[in-house]
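Counting starts at 1 for both ligands and their atoms, following the listed order.
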Amino acid sequence: MSGETKKRVLSGIQPSGNLTIGNYLGALQQWVAEQDTFECYFCIVDLHALTVPQDPAALRAKTREVAAIYLAAGIDPEKSAVFVQSHVSAHTELSWILTCLTPIGWLYRMTQFKDKSSKQQQESIGAGLLNYPILMAADILLYQASAVPVGDDQRQHLEFTRDIAQRFNHTYGETFTLPEAMIPREGARIMGLDNPLAKMSKSEASEYHAVYLLDPPDIARKKIMRSQTDSGRDVRFSSDPERAGVNNLLTIYQALTGEPKEAIEARFEGKGYGDLKKAVAEQVNDRLSPLQARYNRLMHENGYLDEILAQGAERARAVADKTLAEVRDRVGFVAPYR
Ligand code: AQP
């Protein structure tokens with residue numbers, strides 16, 4: 001043992017639907033890769049899921065499902081703390097303190113708020129949807145995380161987190177580490193298979209929009225074979241919006257294989273879109289089959305998941321409560337007598 005302390009990483013996914021290959025390539029795949037380099041905290045962010053309406057029984061089931069998917073994807077609970085966000089109450093407490101420091105204008109500027117609120121009736125938009133980035137900032141800052149591995153859609157929320165951390169540090173004295181977004185080079189923004197101009201999203205309802213991590217191989221293959229492409233023939237990476245479908249399939253292929261762009265284009269030289277779709281389906285299923293086998297085993301091991309989540313929450317609390325105690329002192333709260 002060198003005794004050297006590792007830098008911290010925190011990230012999470014909302015249990016708000018079926019996890020997609022977008023969540024896998026943008027987030028999970030890099031979490032697995034970073035476990036040896038960093039001290040990692042990975043949570044299932046159930047408090048965030050409440051920002052849009054959720055059925056309680058479905059939320060409970062999805063929270064366990066997402067936890068099992070983390071482990072099945074390769075998160076090792078011996079190395080990384082895996083926990084449910086609502087099991088660590090410091091998240092909500094810090095979130096309130098940061099709320100009181102946040103100008104409302106910063107929140108109204110967030111793209112995700114604009115997107116998600118535009119899909120709801122004005123009178124049913126919860127204040128939680130607006131405040132979402134503050135809770136996310138609290139999640140990250142509690143762990144003094146230096147890096148946050150996320151997809152490209154979370155870039156703006158990370159900038160918000162840095163801004164609020166700086167505001168706190170400036171107002172109350174140096175307290176929080178300023179985190180950096182860790183965005184993967186490939187697969188940072190996987191697009192919908194049915195509409196390659198919109199981000200693939202787990203809460204999008206249409207049948208052919210996304211491959212889910214628990215889709216059986218024939219369903220995953222069918223979705224990919226039906227994905228939207230254009231009338232061209234060349235299998236090449238492109239930034240032309242007309243060719244976004246093919247570009248998206250190539251991006252998925254690249255993120256899964258790690259091959260350079262040129263090698264991939266050479267592989268598909270003289271071949272058509274059908275060949276590309278078959279090759280992508282094969283890569284996706286090769287990755288998902290072992291994940292699904294591990295997932296099924298885990299879900300049948302009585303008590304195992306609960307034990308991992310309990311241990312993860314304990315490790316998380318040890319760090320989060322320490323930061324929170326410092327914050328409470330900085331803002332002027334009287335420490336409890338006992
Ligand atoms: N399409 C995507 N491509 C790459 N990365 C993605 N992520 C999400 N979609 C893509 C990354 O996955 C993590 C999950 O974040 P989240 O659950 O907090 O919510 P999100 O970013 O809003 O993801 P979804 O799937 O679109 O969820 P819903 O539909 O519930 O809002 C993040 O790291 C994200 O960047």
Side-chain angles (χ1 to χ4, degrees), residues 9-34 40-55 58-59 62-63 65-67 69-70 73 75 84-85 91 110-120 126 128-129 132-133 135-140 145 147-161 179-206 209-214 227 244-245 247-249 251-252 254-256 284:
V9 147
L10 173 124
S11 201
I13 297 180
Q14 298 180 70
S16 48
N18 297 321
L19 262 56
T20 71
I21 50 165
N23 299 129
Y24 180 80
L25 296 174
L28 270 170
Q29 179 166 256
Q30 37 163 5
W31 299 2
V32 173
E34 298 305 341
C40 295
Y41 294 81
F42 297 122
C43 47
I44 299 96
V45 287
D46 52 349
L47 297 167
H48 282 282
L50 276 192
T51 55
V52 294
Q54 301 291 341
D55 169 69
L59 179 62
K62 281 289 160 204
T63 301
E65 180 181 303
V66 174
I69 289 178
Y70 285 8
I75 300 299
V84 177
Q85 183 190 27
H91 290 246
M110 295 291 126
T111 316
Q112 187 177 52
F113 172 71
K114 289 186 207 161
D115 284 352
K116 290 198 173 178
S117 58
S118 69
K119 292 179 189 154
Q120 293 185 35
L129 195 58
Y132 180 111
L135 179 58
M136 180 165 158
D139 300 338
I140 297 164
V148 185
V150 282
D152 183 60
D153 62 320
Q154 294 297 332
R155 201 184 282 275
Q156 195 185 29
H157 288 161
L158 251 297
E159 269 152 31
F160 173 94
T161 301
E180 303 277 351
M182 191 191 273
I183 314 262
R185 269 204 314 206
E186 289 94 28
R189 185 174 283 262
I190 302 299
M191 310 307 280
L193 297 177
D194 57 346
N195 173 10
L197 297 177
K199 190 194 80 149
M200 184 182 282
S201 202
K202 66 175 117 61
S203 55
E204 177 60 59
S206 58
H209 172 74
V211 171
Y212 299 129
L213 299 184
L214 299 181
S227 64
N247 191 63
N248 192 37
L249 290 172
T251 304
I252 295 171
Q254 189 189 15
L256 283 169
V284 166

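- Below 4.0 Å from some heavy atom of Gly187 lie the following atoms of ligand 1, by number and element: 4 (C).
- For the atom pair Leu193 CG and His209 NE2, the distance stands at 7.5 Å (nearest 0.5 Å).
- Tyr132 meets the ring-ring contact (aromatic ring centres under 6.0 Å, His included) test with His48, His157; sequence neighbours excluded.
- The protein non-hydrogen atom at the shortest distance from atom 26 (O) of ligand 1 is Ser201 OG, 2.5 Å.
- Contacts between Ala27 and ligand 1, counted as non-hydrogen atom pairs separated by less than 4.0 Å, involve the side chain only.
- The protein heavy-atom contact nearest to atom 8 (C) of ligand 1 is Asn23 ND2, 3.2 Å.
- One finds the NZ atom of Lys114 at 14.5 Å from the NZ atom of Lys119 (value rounded to the nearest 0.5 Å).
- The closest approach between any non-hydrogen atom of Thr20 and ligand 1 is not below 4.0 Å.
- Of the protein's heavy atoms, Lys202 NZ, 2.8 Å lies nearest to atom 27 (O) of ligand 1.
- The backbone and the side chain of Gln14 each have at least one atom closer than 4.0 Å to an atom of ligand 1 (non-hydrogen atoms only).
- Under 4.0 angstrom from ligand 1, there are no non-hydrogen atoms of Trp31.
- Among protein heavy atoms, atom 34 (C) of ligand 1 sits closest to Asp153 OD1, 3.2 Å.
- In the candidate list Ala198, Ser203, Ala188, Ser203 is nearest to atom 29 (O) of ligand 1, counting heavy atoms.
- Ligand 1 has Tyr132 within reach: a non-hydrogen atom of the residue lies less than 4.0 Å from it.
- Taking a 4.0 Å cut-off on heavy atoms, Gln112 registers as neighbouring ligand 1.
- Residue contacts with ligand 1, taken as heavy atom pairs separated by less than 4.0 Å, involve Lys116 solely via side-chain atoms from C-beta onward.
- For His48, no heavy-atom contact with ligand 1 is shorter than 4.0 Å.
- Residue contacts with ligand 1 for Ala49 are absent, since no atom lies close enough (heavy atoms, distance under 4.0 Å).
- For atom 5 (N) of ligand 1, the nearest protein heavy atom (residue, atom name, distance) is Gly22 O, 3.2 Å.
- The protein heavy atom nearest to atom 3 (N) of ligand 1 is Ile190 N, 2.8 Å.
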